[in-house]
Amino acid sequence: MTDFDCDVLIAGGGPTGVTLAVLLARRGVKVIVAEKEADIYPLPRAAHIDHECMRILQEAGVADEVMASSRRASRYDFLNAKGEILMRFEGSEQVGPGGWPLANMIHQPSVEDALRRSLATFNTAELHSRWEVKSFAADADGVLAQVATPDGSKTIRARYLVGADGARSPVREASAITFDDLNFEEPWLVVDVLVDDYSRLPSENLQICNPERPTTCVLMGEERHRWEFMIKPGETAEQVSEDAFIERLLEPWNVKGAVRMERKAVYTFRARIAAQWRKGRVLLAGDAAHQTPPFAGQGMCSGLRDAANLAWKLAAVVKGEAPDALLDSYQPEREPNVRATIEMAIMMGKTVCITSKWGAFLRDMKFKLARKLGKLPDGPPAYPPISTGAILEGSAAAGSYFPQLIDNDGNRLDEQLGSGQWLIARSDLASAKLAPFAKQLGRWMDKSGVEAVLVRPDRYVFGTGGVAELRSAWDDQTRFKRTK
């Protein structure tokens, strides 16, 4: 059976699934997104997108719109019960290597709406609400999925199925893929508010490391703010969700009359990673593949990075430009990054979630000493580079993140060079396309000590060296039929 309804069927129309769909459609891949809900979830969930993920949204065509409604905090403070600084991350409003501000506080429904409108501009893509993948069977050539729709059951034949269907992922469950539990599980109350008077709210993001009630307070986009309160042993979800209880929690912040409650929800923050992200023709992405506590603001970001990694590989395989084996590099490349992200979030969470007064005292002393000795980090630790997969291992800077340079007129490198892989040599720097970025590119090459660099479509460095060597290695590793 070789007739296909689409190249890629994506289960789940959240930010990961729709971003993947847009990136695939931009590459000419026929894609169907099956989303079981009737519409975008209207209330905030994710609150943060970093500079790398803004770059991914740039490729998806929505970055400017997302930036227009996002907000930035000048710093991220960890404070003890007395309000003393334990740890401070500054400069989050500065432009990062991705060519966008380092940290951007967003309104998730607005981001999703922008992504869906971008997807609707492609004639090779369809998003169907109230469609749910109920079952599927994979064979050597593709996947046959049974989808429940408002008009009855429908059979979809696709070359690949991607489960971007959330933490409870039916696709993952049906594939009998287990989780590696990283042993972090804490129940928290999330309170989102609409803001009427910003002058009475903090302008920085805060973690209040108070053993009486660990609390998070962060900015959000679209005139909103968020508090998260750790739930104490013996407290129930019903109890902490009562309006009167929440009013008491907000009293110390003195925001009565400045905010209006929009949402209250109890979540259990977990840390888990799926054992397999690929099982033949079935792949997992986003929360279906991994879940992280929110303290590092990387939940949605990790899903967008999955989409960027998968999109160019799936497109190349579907179009016959690369072998199916290229998809085997997906998990080995992404999992170490995800693990580092989750470990960072767990470290932050364990710092915040101490509820013993003696434990909090010891923590505070440890941080004060480290601060005095200058041994505290001035920002979140950098994510590890790709160490294995579709890279030229052993070459300088292979697997590192290639920056999006900005010229004197504010033009970004990605817009100048377009999608696809880039092969940039020193001899190219005087060309009309690269001249505005020549000095910055030259400095990058000097720092890495190389004459040429091949940058993958997801903007990680494939490898460095001579032009002929890079072409040969790229064609050998990816089996691409053409190298730009």
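Note that these values count all heavy atoms, side chains included, but never hydrogens, waters or copies made by symmetry.
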Any side-chain heavy atom of I10 within less than 4.5 Å of one from I32? no
Looking at R27 and E59, is there a salt bridge between them, counting it only when a charged N and a carboxylate O are closer than 4.0 Å? yes
Any Lys/Arg nitrogen of E204 or R72 sitting under 4.0 Å from an Asp/Glu carboxylate oxygen of the other? no
Proximity of F295 and W188 rings by center, below 6.0 Å: yes
Could you check whether any side-chain N or O of S448 sits under 3.5 Å from a backbone N or O of W444, counting only pairs where one atom can act as donor and the other as acceptor? yes
Would you say the side chain of L115 lies within less than 4.5 Å of the side chain of T19, judging by non-hydrogen atoms? yes
Can you classify the ring geometry of Y460 versus Y401 as parallel (below 30°), tilted (30 to 60°) or perpendicular (above 60°)? perpendicular
State, to 0.1 Å, how close T16 and G303 come at their nearest heavy-atom pair, and which atoms those are. OG1-CA, 3.3 Å
So do the side chains of V95 and L102 get within less than 4.5 Å of each other, counting heavy atoms only? no
Intermediate values then yes/no, salt bridge (Lys or Arg N to Asp or Glu O under 4.0 Å), R55 and D414: CA-CA 9 Å; R55 188 180 190 177; D414 293 16; 2.8 Å; yes
Within the side chain of K30, is there an N or O that forms a donor-acceptor pair under 3.5 Å with the backbone of D5? yes
Would you say E186 and M230 make side-chain contact, with heavy atoms under 4.5 Å? yes
Honestly, is R278 close enough over Y330, meaning NZ or CZ under 6.0 Å from the six-membered ring centre and within 45° of the axis? no
Between W100 and Q58: side-chain donor-acceptor atoms closer than 3.5 Å: yes
Decide, yes or no, whether a salt bridge links E333 with K313 under the criterion of side-chain N to carboxylate O below 4.0 Å. yes
Between R117 and E65, is the closest basic N to carboxylate O distance under 4.0 Å? yes
Looking just at side-chain N and O atoms, do Q207 and T216 make a donor-acceptor pair shorter than 3.5 Å? yes
Would you say the side chain of T388 lies within less than 4.5 Å of the side chain of E393, judging by non-hydrogen atoms? yes
Is there a donor in the side chain of E37 and an acceptor in the side chain of S129, or the other way round, less than 3.5 Å apart? no
Regarding R456 and Q421, do their side chains bring together a donor and an acceptor under 3.5 Å, going by distance alone? no
With the threshold set at 4.0 Å, does a side-chain nitrogen-carboxylate oxygen contact exist between D50 and R305? yes
Is a salt bridge present between E343 and R339, judged by a nitrogen-to-oxygen distance below 4.0 Å? no
Ionic contact status for R159 with D141, cut-off 4.0 Å: no
Can a donor-acceptor pair be found, under 3.5 Å and without considering hydrogens, that links the side chain of T464 to the backbone of A396? yes
Ion pair present between R172 and D287, side-chain N to carboxylate O less than 4.0 angstrom? no
Working to the nearest 0.5 angstrom, can you tell me the gap between E223 CD and E262 CD? 11.0 Å
Flag the pair F269 / E185 as yes when at least one side-chain heavy-atom distance between them is below 4.5 Å, and no otherwise. no
Axial cation check for F402 ring with R459, 6.0 Å and 45° limits: no
State whether the side chain of S169 and the backbone N or O of D165 hold a donor-acceptor pair below 3.5 Å, judged by distance alone. no
For the side chain of D180 and the backbone of R272, is there at least one donor-acceptor N/O pair under 3.5 Å apart? no
Q331 side chain to W277 backbone, donor-acceptor under 3.5 Å: yes
Quick test of your reading of the model: are R157 and D3 salt-bridged, counting only N-O distances below 4.0 Å? no
Do R226 and V190 touch side chain to side chain, with heavy atoms closer than 4.5 Å? yes
Is S175 reaching over with its side chain to a backbone N or O of V171, donor-acceptor style, under 3.5 angstrom? yes
Can a donor-acceptor pair be found, under 3.5 Å and without considering hydrogens, that links the side chain of Q477 to the backbone of I391? yes
Compute whether any side-chain donor of one residue and acceptor of the other, for Y160 and D324, lie under 3.5 angstrom apart. yes
Could you tell me how the ring of Y76 sits relative to the ring of F78: parallel (under 30°), tilted (30 to 60°) or perpendicular (over 60°)? tilted
F179 versus A288, closest heavy-atom pair with distance: CZ-O, 4.0 Å
N205 and H48 side chains, donor-acceptor separation under 3.5 Å: no
Using modelled atom types and a 3.5 Å cut-off, is there a donor and acceptor pairing between side-chain atoms of D306 and backbone atoms of G286? yes
Can any side-chain N or O of T124 pair as donor or acceptor with the backbone N or O of G28 at less than 3.5 Å? no
For V282 against F136, the heavy-atom pair lying closest together: CG2-CE1, 3.8 Å
Ion pair R45/D192, N-O distance below 4.0 Å: no
Working for salt bridge (Lys or Arg N to Asp or Glu O under 4.0 Å), residues E451 and R426: CA-CA 6 Å; E451 292 301 309; R426 284 187 187 272; 3.3 Å; yes
